[in-house]
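In listed order, ligands and their atoms are each counted from 1.
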Amino acid sequence: MEHTYYQPEYETMPLEELKALQSERLVRQVQYVYDHVEYYRKKMDEKGVKPSDVRGIEDLYKLPFLSKDDLREAYPYGLLARPLKDCVRIQSTSGTTGRRVVAFYTQHDIDLWEDCCARAIVAAGGSNEDVVQVCYGYGLFTGGPGLNGGSHKVGSLTLPMSSGNTDRQIQFMQDLQSTFLCCTPSYAAYLAESICERGLQDQIHLKAGIFGAEAWTEEMRHDIEQKLGIKAYDIYGLTELSGPGVSFECEEQKGMHINEDHFIAEIIDPDTGEVLPEGSRGELVFTSLTKEAFPLLRYRTRDICVLSRKPCSCGRTFVRMTKPMGRSDDMLIIRGVNVFPSQIETVLLNHGMTSNYQIIVDRVNNSDTLDINVEMTPEMFTDTVSALSEKEKDLRAALKSMLGIVANVHLVAPKSIERSEGKAVRVIDRRKLY
Ligand code: DLL
């Protein structure tokens with residue numbers, strides 16, 4: 001099979017050269033941050049680290065971490081390394097925990113970010129022959145602008161749809177024969193459901209989708225791939241570091257290659273901060289190497305995953321990360337048990353349910369409750385009451401065996417859970433724990 005890359009000189013760079021490039025860029029970025037970001041300079045001074053102590057990637061561990069709390073404390077300009085006159089854009093997120101992050105970009109930053117997104121599109125088989133329908137949100141959210149820029153770089157015809165207006169999305173998909181779909185996996189599942197309901201599968205020309213910005217399971221991937229007749233690729237990123245395209249899947253669909261010429265990835269123990277060896281599960285930490293306006297050294301993402309250097313058949317030498325297996329901060333602790341929403345999703349999809357569900361956690365009489373509302377499929381809607389309660393019982397047993405705790409499962413009417421055009425709201429935690 002012939003492999004195509006957007007920037008093969010970096011994407012397939014021999015590992016030794018790649019490490020040398022990272023070292024050289026790290027030394028430069030550390031000095032740059034020390035000279036231009038007072039907030040981080042103070043952190044380095046407090047830790048007694050000088051820029052000259054970092055002579056290559058092997059010295060990375062000496063640097064202090066940055067966290068979302070630092071970003072909040074330094075909001076809005078405290079981590080800016082360039083005068084505002086050199087910046088051309090901001091992007092922002094409310095963050096999964098409701099804290100606002102504002103990231104700044106020079107034109108050069110945007111250029112490199114768009115290159116990363118272009119790599120993702122080409123890795124998924126995209127070229128200037130493709131019609132790329134971008135239905136991530138445009139605006140402050142990075143999804144729309146990132147994939148839009150990447151698609152332009154590849155030379156694809158770009159449809160800047162933004163999210164929402166599903167009828168119009170499907171109409172454009174038919175009329176302009178879109179071949180690529182870029183949106184959140186939950187919106188992709190909703191579009192797939194709508195297309196199947198209308199019996200329009202054979203009028204759709206999609207061949208691939210680039211879905212990210214939220215957790216999704218392998219089961220959800222198969223469901224979307226089957227309904228739309230496409231290959232569904234994962235893409236990861238965060239506003240603080242640029243946006244989508246920090247890492248992306250290749251044709252192997254086994255983990256996402258991190259753009260290591262721009263970012264160094266580490267895995268740490270979230271409790272102790274200790275750097276863990278390759279293959280360990282822990283919190284992902286990133287150091288930017290090429291950013292001008294908003295460089296971040298050792299930024300703690302809170303995303304839990306595993307890195308692998310196992311060679312990939314696609315020929316890329318970039319390290320691969322697994323899908324985030326939850327976040328160290330939105331992992332639910334229910335009656336003392338760690339519960340990741342993705343575990344619940346896996347059980348539901350394995351039992352023939354759809355990804356339309358909602359997890360509701362509450363505390364009644366000092367005891368945690370876990371309720372899961374799951375939409376019945378239209379076929380089940382006509383089942384007898386006893387068949388439905390049998391199904392609820394099955395799901396309860398499967399969840400108990402996966403999670404180790406009891407969940408109250410409620411089958412609810414099809415379409416009764418609100419659909420999302422962006423990131424889905426799947427967890428409602430009503431406990432007032434703080
Ligand atoms: O979600 C950037 C993005 C846009 C990525 C479009 C991919 C596609 P934020 O809104 O800042 O940025 O949220 C970042 O979302 O720390 C992860 O917890 C989560 N996340 C992003 N991509 C994935 C993914 C964008 N593929 C936060 N799988 C990150 C699971 C993801 N979680």
Side-chain angles (χ1 to χ4, degrees), residues 66-68 71-72 90-103 105 113-114 116-117 119-121 123-124 132 134-151 162-163 180-188 209-218 220-221 224 232-249 253-259 263 265 270 283-286 294 296 299-306 320-331 340-342 345-346 355 420-427:
L66 268 176
S67 68
K68 213 166 219 164
L71 260 61
R72 205 173 30 166
I90 65 150
Q91 302 286 164
S92 176
T93 167
S94 56
T96 20
T97 46
R99 297 172 198 153
R100 184 160 296 288
V101 166
V102 173
Y105 303 73
W113 171 30
E114 292 179 350
C116 289
C117 291
R119 290 177 186 179
I121 294 172
V132 177
V134 183
C135 9
Y136 285 110
Y138 279 65
L140 288 172
F141 180 56
T142 53
L147 269 308
N148 192 97
S151 173
S162 199
S163 58
F180 265 66
L181 179 64
C182 304
C183 59
T184 55
S186 47
Y187 194 47
I210 302 186
F211 308 132
E214 63 182 357
W216 53 311
T217 53
E218 281 306 318
M220 197 163 161
R221 183 198 316 254
I224 297 170
Y233 297 91
D234 203 351
I235 184 167
Y236 167 90
L238 54 162
T239 312
E240 295 89 314
L241 286 179
S242 59
V246 170
S247 66
F248 59 95
E249 267 186 346
Q253 294 179 296
K254 288 211 180 83
M256 294 175 274
H257 289 283
I258 296 174
N259 281 307
F263 307 103
E283 182 179 342
L284 187 57
V285 173
F286 280 113
F294 206 63
L296 295 179
Y299 180 66
R300 295 184 59 159
T301 63
R302 294 273 160 203
D303 291 319
I304 302 288
C305 72
V306 177
R320 274 179 287 174
M321 59 180 270
T322 58
K323 280 173 179 298
M325 302 159 176
R327 292 173 55 85
S328 61
D329 58 355
D330 68 19
M331 174 181 75
F340 287 101
S342 59
E345 183 174 309
T346 297
S355 53
S420 156
E421 293 162 355
K423 301 195 193 211
V425 181
R426 295 229 169 84
V427 180

Item checked: R119, R320, R221 screened by salt bridge (Lys or Arg N to Asp or Glu O under 4.0 Å) with E249, the one that passes -> R221
Atoms in ligand 1 flagged as close to [X], the criterion being non-hydrogen separation under 4.0 Å:
| X | result |
| --- | --- |
| K423 | 1 (O), 9 (P), 10 (O), 13 (O), 15 (O), 25 (C) |
| A215 | 30 (C), 32 (N) |
| I235 | 7 (C), 8 (C), 22 (N), 24 (C), 26 (N) |
| D234 | 24 (C), 26 (N) |

Sub-4.5 Å side-chain heavy-atom contact between [X] and [Y]:
| X | Y | answer |
| --- | --- | --- |
| M325 | S342 | no |
| R300 | K68 | no |
| I90 | L140 | yes |

Has ligand 1 got any nitrogen or oxygen that is less than 3.5 angstrom from a nitrogen or oxygen of [X]?
| X | answer |
| --- | --- |
| E214 | yes |
| Y136 | no |
| W216 | no |

Notebook entry, point to check: Is the F286 ring parallel, tilted or perpendicular to the F263 ring (thresholds 30°, 60°)?
Noted result: perpendicular
Note to self: As an exercise, state the distance from CD1 of I210 to OG of S151, rounded to the nearest 0.5 Å.
What the structure shows: 9.0 Å
Next item on the list: Indicate the atoms forming the closest heavy-atom contact of I235 with Y136, along with that distance.
Entry: CG2-OH, 3.7 Å
Item checked: Test item, K323 contacting ligand 1 (heavy atom, 4.0 angstrom) -> no
Counting only heavy atoms, which portion of [X] has something under 4.0 Å from ligand 1: side chain, backbone, both, or neither?
| X | result |
| --- | --- |
| P324 | side chain |
| F141 | side chain |
| T142 | side chain |
| T93 | side chain |

Next item on the list: Evaluate side chain to side chain contact (heavy atoms under 4.5 Å, CB included) for C183 paired with F211, printing each intermediate quantity in order.
Entry: CA-CA 5 Å; C183 59; F211 308 132; 3.8 Å; yes
Check: Of G422, G237, A103, which has the heavy atom at the shortest distance from atom 21 (C) of ligand 1?
Finding: G237
Notebook entry, point to check: Any idea which of G144, A120, A213 brings a heavy atom closest to atom 19 (C) of ligand 1?
Noted result: A213
Notebook entry, point to check: With distance as the sole test, does S162 use its side chain to make a donor-acceptor pair with the main-chain N or O of Y138 at under 3.5 Å?
Noted result: yes
